[in-house]
Amino acid sequence: MRPTEIMRGSPPAPEAQVTRANWRSFPAIRWGFIHTREVLPTAEIRRSAQPTLMRSAPRELAKLGFTAPDGQETTIEATLRETFADTLLVMHRGTLIHEWYGDGTSVTTPHLICSISKAIAGTLGGVMAERGLLDPEARVVRYVPELETSVYAGCSVRNLLDMAVAIKFEEDYEDPAGDVARYRFSSGWDVPPPGVAAGHQRAYLTTLRGTGKPHGKVFHYVSPNTEVLGWVYERACGMPYHRILSEYLWQPLGAEEDGSLTLDSHGMGRIAGGISVTARDLIRFGEMIRCRGVVEGRQVVPGWWIDDIRENGDPKAWADGDLAEFFPGARYRSKWFTIDPSRNALTAIGIHGQHLYVDLDSDTVIVKLATQPKAMDVPIDQRWFAAFSAITAHLV
């Protein structure tokens, strides 16, 4: 890895080198999240030969004020500055009305979107179901028999989609010797300590075990579930995930730039969090969701699948699950969050500050990308949800 300036906008510092050992640590993350292809092996997510038109009519939103959850008065501009934001795009009724990029980013800059990748995978499932390639109610081992001795032997594809697998796994991003660390060693994202084998994702997934409780009852957020989902997709389609995504979703929705997907040592993609795309292409994806799967008159994702995401998700499973204390009353369906059930809005969330917010009540789509030092920073997330509410209220 070549030496680079890791604080965007700072003078060159030859001793500051971004490597696989530090690329997600602050301040290296400020460079690593927009240069992922220079840190890890990746596969290309091909753009469309005919990108969808991006209409633009700028409106002033930076000075828009709102009350943060801590009671302090703030603005969109201050929130961008104070939360390590990289990009903010707002689309209203199909027109891009606000576009802001931080230092080192631009219209053509790819940005790692972390677990927004999961929402893309969940959406892609609808395309495959419509084509008759995937049965969401089928057992996982119908597609991947190698998982017969794992926790996934008894669960369905729907359990994967809804994070309702009764699995022994704790999604603790800070534990250097925990489940997430071992998972990241297998994906190639982290360098294992001496004496610990890196392995690869498929081998790692076969080792995961259950709690002994029934599947489908409790929301339990576990990233490897989405890796298994990608494995199911590959078996169902007979091609690698990045090609499925390119051919079935990214090209049909009219993406303007190539994206990428990180790969492990055996060429398996990090489906749960390894996608990098431009903010404009991500907002194209969100606009397609807002329009019930339609792009320029083409039905890219079946409308019934979008309806199912909006209308379903088990409230009791959520109430008994991991995140209920932070977002009471929320729901989760096919990798999408409904944070506020009183509002017709879908949210995709990624660690370190990634948000895709689709508000159908106000016909608004918002993309906010960031490189926050902490993987999970709930106060910052809640501040941004308040900002999204202020933006949508302003546009109604």
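The figures that follow rest on heavy atoms only: side chains count, while hydrogens, waters and symmetry mates do not.
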Go through R284 and E257 one step at a time and tell me if the salt bridge (Lys or Arg N to Asp or Glu O under 4.0 Å) criterion holds. CA-CA 11 Å; R284 283 181 168 95; E257 303 288 344; over 6 Å; no

What I want to check is whether the side chains of W231 and Q201 have a donor and an acceptor closer together than 3.5 Å. no

Report yes or no: do R383 and T79 form a side-chain donor-acceptor pair below 3.5 Å? yes

Determine yes or no for a side-chain-to-main-chain donor-acceptor pair under 3.5 angstrom, with H35 supplying the side chain and W31 the backbone. yes

Can you tell me if K335 and T226 form a side-chain donor-acceptor pair at under 3.5 Å? yes

NZ/NE/NH1/NH2 to OD/OE distance under 4.0 Å, R292 and D307: yes

Short question: side chain of Q354, backbone of L356 - any donor-acceptor pair under 3.5 Å? no

Could you tell me if E137 and S156 have a donor-acceptor pair between their side chains, going purely by distance under 3.5 Å? no

Main chain of Q251, side chain of R46: is a donor-acceptor contact present, judged purely on distance under 3.5 Å? no

How about Y332 and W336: are their ring centroids closer than 6.0 Å? no

Check the side chains of S223 and E171 for a donor-acceptor pair under 3.5 angstrom, ignoring hydrogens and angles. yes

F84 ring center near H352 ring center (under 6.0 Å): no

Salt bridge between D281 and R47, side-chain N to carboxylate O under 4.0 Å? no

Mutual orientation of the aromatic rings belonging to W23 and F33 [parallel < 30°, tilted 30-60°, perpendicular > 60°]: tilted

Would you please classify the geometry between the Y221 ring and the F219 ring as parallel, tilted or perpendicular, with 30° and 60° separating the classes? tilted

Please name the residue in the list T105, I34, L112, I29 that meets the side chain to side chain contact (heavy atoms under 4.5 Å, CB included) test with T371. I29

If you count heavy atoms of other groups shown closer than 6.0 angstrom to CD of Q50, is the number above 12? no

Can you see whether D322 engages H220 through a side-chain donor-acceptor pair at a distance of less than 3.5 angstrom? yes

Taking atom types as modelled, find out whether T109 and S106 have a side-chain donor-acceptor pair closer than 3.5 angstrom. yes

Salt bridge or not between E287 and R290? Use side-chain N to carboxylate O under 4.0 Å. yes

Salt bridge check: are R202 and E234 linked by an N-O gap of less than 4.0 Å? yes

Does a donor on one side chain and an acceptor on the other come within less than 3.5 Å for D359 and S362? yes

Check: Y233 ring centre within less than 6.0 Å of Y143 ring centre: no

Is it true that R333 and D162 make a salt bridge, defined as a side-chain N closer than 4.0 Å to a carboxylate O? yes

When you measure from the side chain of D179 to the backbone of E170, do you find a donor-acceptor pair of N or O atoms at a distance under 3.5 Å? yes

Would you tabulate the side-chain donor-acceptor contacts of residues 186-197 under 3.5 Å, counting partners in other chains and residues two or more places apart, or write 'none'?
unit_1	atom_1	unit_2	atom_2	d
S186	OG	Y183	O	2.7
S187	OG	R184	O	3.0
S187	OG	W189	N	3.4
W189	NE1	T262	OG1	3.0
D190	OD1	R24	NH2	2.2
D190	OD2	R24	NH2	2.9

Is a side-chain donor-acceptor pair under 3.5 Å present for D86 with H111? yes

Verify whether one side chain among T338 and R310 offers a donor that lies under 3.5 Å from an acceptor in the other. no

